[in-house]
Structures are given as structure tokens and as C-alpha cells.
Amino acid sequence: MSQKKRNLIERLDSGPVICAEGFLFEIEKRGYMASGEFVPMVSLENPEALENLHRDFQHAGSDIVQAFTYNGHREKMRVIGKEELLEPLNRAALKIAKKVSTSPIGKEPNLMAGNISNTNIWKQGDKKPQLEVEKMFREMVGWAVDEGADILIGETFYYAEEAYTALKVMKETGLPSVITIAPYGENIMRDGVSILDTCKELEQRGGDVVGMNCHRGPNTMLPYLKEIRKKLKCHMAGLPITYRTTDEHPTFFNLPDNNGCSCHTPHETTFPTALDPMQCSRYEIGQFAKEAYSLGINYLGVCCGANPMLIRETAEAVGLMVPASKYKENMKNHYMFGKNKRIPQHIKDYRSKA
Ligand SMILES: [Zn+2]
């Protein structure tokens, strides 16, 4: 018999909650999306590929099944000339997420999340695009509610006012809201509000979970999370990208490859197609999760660069056992580096020359 489904806040009150993000990069790597353009047509064109990724993240310990509607907003659909597919795309993505969330591996159902995000048409001081954005949020949130979302996630906002607008629209539904910001390399929101003040304001305006996601790796996100945690009383979220960002290059947009690159990308930046050499190891991701959790940040995950292994690492770093834990590393039985006594000594002895 399935267990009673606890709501997001009940779960966060009792411990860590894991959320896999980063669908854009991972679906692209799996061959179902054009990089750069980044439109989540996968829910319509290859629904089984999207369901598989959700299942892989679920197996790796994601408690939340986030509908892949990132960039699936009216403006992006206009850019690619497929506005008529907007609602079918959203509903298909939400239905897939709902299906996965209601068939969990353990007893307790997962939470299905509707998702809105940065629209890239928001303009400071210009009412027209701002109203347009609000309308785009409202239609997507409406479809999410229709399709049975348990929570709503607004993410990757780099304008404070756009985040406030997203939160306002999400709160109209009465569902628990997660709202996370993604400031660029100037370390301030594009409308001039500080990262800390934006988060304080989001809490004041009723965000249930407030924090940061995307754009920044653990190194350049954690210092802000620390500062924010000291000032906020609500639950907090931290979902970095999985790349080694630095003080000089706080986000992945202009991250240089200083790792012996012998063939440069055909465009200006390593973003988004040649970031691989700057990928964090699983231990770095685990360390981030552990540190963030020790600060009292209970909503954890990873964004761009995520894969199931890194989600498992995040979950295990905060003390959880997940279905994929069955396959956590076991070097003991490695044919050369293992300590297992069946491994021949002459093979073990060769390790430093391997
Ligand atoms: Zn991301």
C-alpha cells in the first residue's frame, strides 16, 4: 500500500529534499535537443527519452519530478515559429512528470513540479514586456495546476522583478513555491538589486523555498548561500551547475578552458558545448551538498551538467540511501586498484605504472 504523500514543507521540515534539474544539458547530450536553441520539444517528439531521464533521476534519488518546460514558454516558441505547439508541449511535459511522480520506486509518491523560468524578454522599467511575461507565467502555471502539479518551481531568474512576478503568479495557486535566482558574473541582479536583498524580498513576498540555481558552480554559489542563510528564516534551495567556476569567471557563460584544449569551439565560448573539461567531480558535488546541508539548506540538487550519478552523490552526501546506492563505487573489487584478496599480487603491484 502506498504511503501518505507528504507535502514539500513537511518533507523539508524533516530533512533533505533532492531535486534534479539540468534537463536541458542532459537531454541535449542524449541527442534529443539542439544546443544553443534549447527548446524542450522532447516532450512531444521523443517522450520516451524524457520519461527515461526522469526515471533515471528518480532512481538516483530525486524526490521531485520537475516537468521539463524550461524554455517552453510562448516567447521561445515564437522564436522557433511553433507557437501553436506551446500548450501541447507544456501539457505533454507535465503529464510525463506526473506519470513518473505517481509511480515511485519507494513507497512514497514523488512530488510533481510545474516549472516557469527566465523569459529573456523582461526589461527593466518597460511595462509592456513585463505584462507579457506575467501572462506567459500565468498560462504555464495554469496548465501545471490543471495537470496536477504538487508544487511550482520558478527558476534561473536574473532580474529581481521578474522573479517577484513569477512568485506572485505562482502564489495565486496556493501551491508551495520554490523560487531560485541565477545572477550573472557581475554578482548582482540585472536590475541592480543585490543577491541577498532579492532573496530577502522573495521571502517577504511569501516564497516557501528561496535560493539559487544554475549559472554558478559550487565555488561561486556557496559563499552567497552562506550569506543568505544567515538572513532568511524560510527553507532554502541550492542547485549549482556542475562546472568549476571561479571568482574571475563566476558563471559558466565565459568560463575559459585552461585544461589543454586542442580544438576550440566554433563559437566564442566554451558555453554550452565545450564545458566538459571544467566538469566538477562527483566528490566536489557531494562536498557542496554536504556543506550546504550543514548550513541548513535542505532543498538540494544540481542544475546544468547534472546526471543521475551526481544526483545520487548529492543524496548520499546528505545521508540518504537511494535506489542507485546499490551501485555506488566499490573500488575494493577493481582488478588492479582493489584490495580484494583474489586479485593477483603481480597485477596489484603494477598500479603505479598503469
Ligand atoms: Zn541550469
Side-chain angles (χ1 to χ4, degrees), residues 18-30 32-40 42 50 53-54 56-57 60 62 64-73 76 93 97 113-120 122 152-159 162-163 166 178-185 187 189-190 195 209-222 224-225 236-245 249-255 269-276 278-280 284-285 288-289 292 297 299-311 313-314:
I18 308 298
C19 179
E21 290 189 348
F23 286 83
L24 210 70
F25 273 31
E26 185 61 12
I27 284 288
E28 192 270 339
K29 281 187 206 158
R30 292 181 178 208
Y32 299 100
M33 177 186 286
S35 188
E37 182 177 86
F38 289 134
V39 190
V42 64
L50 180 55
L53 179 54
H54 280 305
D56 289 350
F57 279 146
S62 187
I64 294 171
V65 184
Q66 180 168 345
F68 185 26
T69 58
Y70 183 86
N71 265 354
H73 53 71
K76 193 78 196 188
N115 179 223
I116 54 175
S117 52
N118 55 311
T119 60
N120 310 319
W122 186 271
L152 296 170
I153 298 172
E155 47 137 324
T156 323
F157 294 109
Y158 49 84
Y159 279 103
E162 189 179 28
V178 179
I179 183 99
T180 51
I181 59 170
Y184 286 126
N187 299 324
M189 302 303 276
R190 276 209 62 182
I195 296 170
V209 182
V210 174
M212 297 173 80
N213 80 302
C214 206
H215 294 186
R216 291 161 181 266
N219 298 339
T220 53
M221 182 180 284
L222 196 59
Y224 287 98
L225 291 176
M236 272 186 64
L239 302 95
I241 58 167
T242 67
Y243 301 100
R244 291 172 176 163
T245 50
H249 300 287
T251 73
F252 59 3
F253 291 107
N254 292 294
L255 199 60
T269 55
T270 60
F271 174 88
T273 46
L275 288 163
D276 315 63
M278 285 75 79
Q279 171 84 43
C280 294
E284 291 168 307
I285 295 299
F288 167 85
I297 296 168
Y299 185 104
L300 295 162
V302 281
C303 198
C304 301
N307 60 41
M309 173 270 288
L310 294 175
I311 294 300
E313 206 69 22
T314 299

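Here the structure is a predicted model, which is why all the values come from computation and not from measurement. Counting starts at 1 for both ligands and their atoms, following the listed order.
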Asker: May I ask you to say whether E284 pairs ionically with R244, meaning some side-chain N is under 4.0 Å from a carboxylate O?
Answerer: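 Looking at E284 and R244, the cut-off is met.
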
Asker: For the residue pair F252 and F25, does the interplanar ring angle fall in the parallel (under 30°), tilted (30 to 60°) or perpendicular (over 60°) class?
Answerer: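 The arrangement is parallel - the two ring planes meet at less than 30°.
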
Asker: Is the number of heavy atoms from other residues, nucleotides or ligands within 6.0 Å of CZ (R30) greater than 12?
Answerer: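 For R30, atom CZ is crowded (more than 12 foreign heavy atoms under 6.0 Å).
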
Asker: Could you please tell me which protein N, O or S atoms lie under 2.8 Å from the Zn ion (ligand 1)?
Answerer: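 Atoms qualifying: C214 SG, C303 SG, C304 SG.
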
Asker: With no hydrogens and no angle check, do the side chains of N115 and E155 hold a donor and an acceptor under 3.5 Å apart?
Answerer: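 Result is yes, a qualifying pair exists.
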
Asker: Which pair of non-hydrogen atoms, one from L239 and one from M221, has the smallest distance, and what is that distance?
Answerer: O-CE, 3.8 Å

Asker: Just say parallel, tilted or perpendicular for the rings of Y184 and F253, cut-offs at 30° and 60°.
Answerer: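 Perpendicular, since the angle between the ring planes exceeds 60°.
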
